[in-house]
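What follows is a short report on a single structure.
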Amino acid sequence: MLHLHVPKPYSFAASVCDHGWPNLAPNQWLADWQILQRVEQLTTGRVVLLRLSSADAGDTVCIQIAVQADGTLTPMETDEVLAKVRWMLKLDEAFAAFYTLAIAHDPIGRVVQQGRGRLLRSPTLWEDVVKTIATTNVTWGNTKGMIQRLVDQLGAPFPLAPTLRAFPTAAQVAAADPALFANVIRMGYRNAYVQGLAQEIVDGTRDLEALQTAQLSAAELKKAVKSIKGIGDYAAHTLLMLLGHYSELPIDSELRSHVTRRYFGGETRSDKEMAAIYAAWGDWKYLAYWFDAYD
DNA sequence: GTCCAGGTCGCGC
DNA sequence: GCGCGACATGGA
């Protein structure tokens, strides 16, 4: 069992479950045990099963990482697991400024000060981009189906339980037969976006993962992700959130319906007027909206 | 059959 | 810059 520590306040279960990602393959939220389970393919090629849970540790919250594998992990593999979990759970981001700002805004403040805001993300930006493309212009049920089929068809199997698979790498997606996408994975017109992006990554013409560590402004990151086919403003702002920038709102049917209902008595307004509702939150607009809509 | 879902692209202006 | 139709898929 590996361990990581998070400063309080931090609610593992709430943070992981505050958006849809724990329910997209290969993630699985095991509600009865409050465990996030996921198969992960390490850079050595070894495929492991991760089970994340939390325990109180006095001043901090302890993240427990149970690793199942075919054999013993090398020290480098262990380091990779720890780094990936740190990234997935956003353990290196600071939320104190957000909590301070939120105190004045009941009930948003009350909710987030339970230790919320570290929304779950994927170990690679590649996976988050594919998943974000899969949320556009479809229902959530269809999103889950597309991602599940993608994982089932192309992901590397976990040797100890081969029905469980990792998220496919860009190389695996690029090498797949387009007919498999068209007939089995069925992501619709997104098939070409996903395979095209995978090919760019394999070719080396696009280095997505560099964006995870690049010291870029939100505007620069937005420009970079919008150059991916299938990523418009909504998807770019979702990806900015995943990359730790909360200054832009994901304006989509969900946000419009929430703001229209809560602030405009059901009357139609422009996107600009809707966005103005959260202007006072500055660099934290995304999270303010997110927890405003939460209930 | 029609419409729409946590939109985006490519086109014409 | 803005408006518009097309777009794969599955469910109501």
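Throughout, protein chains are lettered first and strands after them, A, B, ... in sequence-line order, and every chain is numbered starting at 1.
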Rounded to whole Å, CE of A/Met187 lies from C1' of B/dT8 at a distance of 14 Å
Separation of A/Asn137 atom CG from B/dG10 atom P, in whole Å? 15 Å
Just how far, in rounded Å, is P of B/dG6 from CH2 of A/Trp21? 13 Å
If you look at every strand shown and take non-hydrogen atoms under 4.0 Å, does A/Ile228 touch a base, only sugar-phosphate, or nothing? sugar-phosphate
Take the protein atom CE of A/Met146 and the nucleotide atom C1' of B/dA5, then report the distance between them rounded to whole Å. 10 Å
How is A/Ile133 classified with respect to the nucleic acid when contacts are heavy atoms under 4.0 Å: base, sugar-phosphate, or nothing? nothing
Is the distance from OP1 or OP2 of B/dG7 to the nearest side-chain N or O of A/Ser253 less than 4.0 Å? yes
Please answer whether the main-chain N or O of A/Ala134 pairs with a side-chain N or O of A/Thr143 as donor and acceptor at a distance below 3.5 Å. yes
Any heavy-atom pair between the side chains of A/Lys222 and A/Asp233 that's under 4.5 Å? yes
Do A/Tyr193 and A/Val130 touch side chain to side chain, with heavy atoms closer than 4.5 Å? no
Counting heavy atoms from C-beta on, name the nucleotide in C/dA8, B/dG6, B/dC9 closest to the side chain of A/Tyr289. B/dG6
With respect to the side chain of A/Thr136, which nucleotide from B/dT8, B/dG6, B/dC9 is positioned closest? B/dT8
Please tell me which of the listed nucleotides, B/dG6, C/dA8, B/dT8, lies nearest to the side chain of A/Trp290? B/dG6
Where the side chain of A/Lys229 is concerned, which of B/dG6, B/dC9, C/dC7 is the nearest nucleotide? B/dC9
Do A/Met88 and A/Ile63 share a hydrophobic cluster (ILVMFWY, side-chain heavy atoms under 4.5 Å, transitive)? yes
Separation of B/dA5 C1' from A/Tyr234 OH (nearest whole Å): 11 Å
Just compare B/dG6, C/dT9, B/dT8 and give me whichever is closest to any side-chain atom of A/Val138. C/dT9
Within the structure provided, determine whether A/Tyr286 and A/Glu248 are in side-chain contact (heavy-atom separation under 4.5 Å). no
Tell me what A/Asp233 touches on the nucleic acid: a base, only sugar-phosphate, or nothing, going by heavy atoms under 4.0 Å. sugar-phosphate
May I ask you to say what A/Arg190 touches in the nucleic acid, namely base, sugar-phosphate or nothing, with a heavy-atom cut-off under 4.0 Å? base
Rounded to the nearest 0.5 Å, how far apart are CG of A/Asp283 and CG of A/Leu101? 10.0 Å
Hey, are the side chains of A/Gln37 and A/Leu49 touching, using non-hydrogen atoms and a 4.5 Å cut-off? yes
Rounded to whole Å, the CZ-P distance (A/Arg261 to B/dG6) equals 13 Å
Identify all pairs in which a protein N or O lies below 3.5 Å from an N or O of nucleotides 10-12 of chain C, and state each distance.
| unit_1 | atom_1 | unit_2 | atom_2 | d |
| --- | --- | --- | --- | --- |
| C/dG10 | OP1 | A/Arg186 | NE | 2.5 |
| C/dG10 | OP1 | A/Arg186 | NH2 | 3.1 |

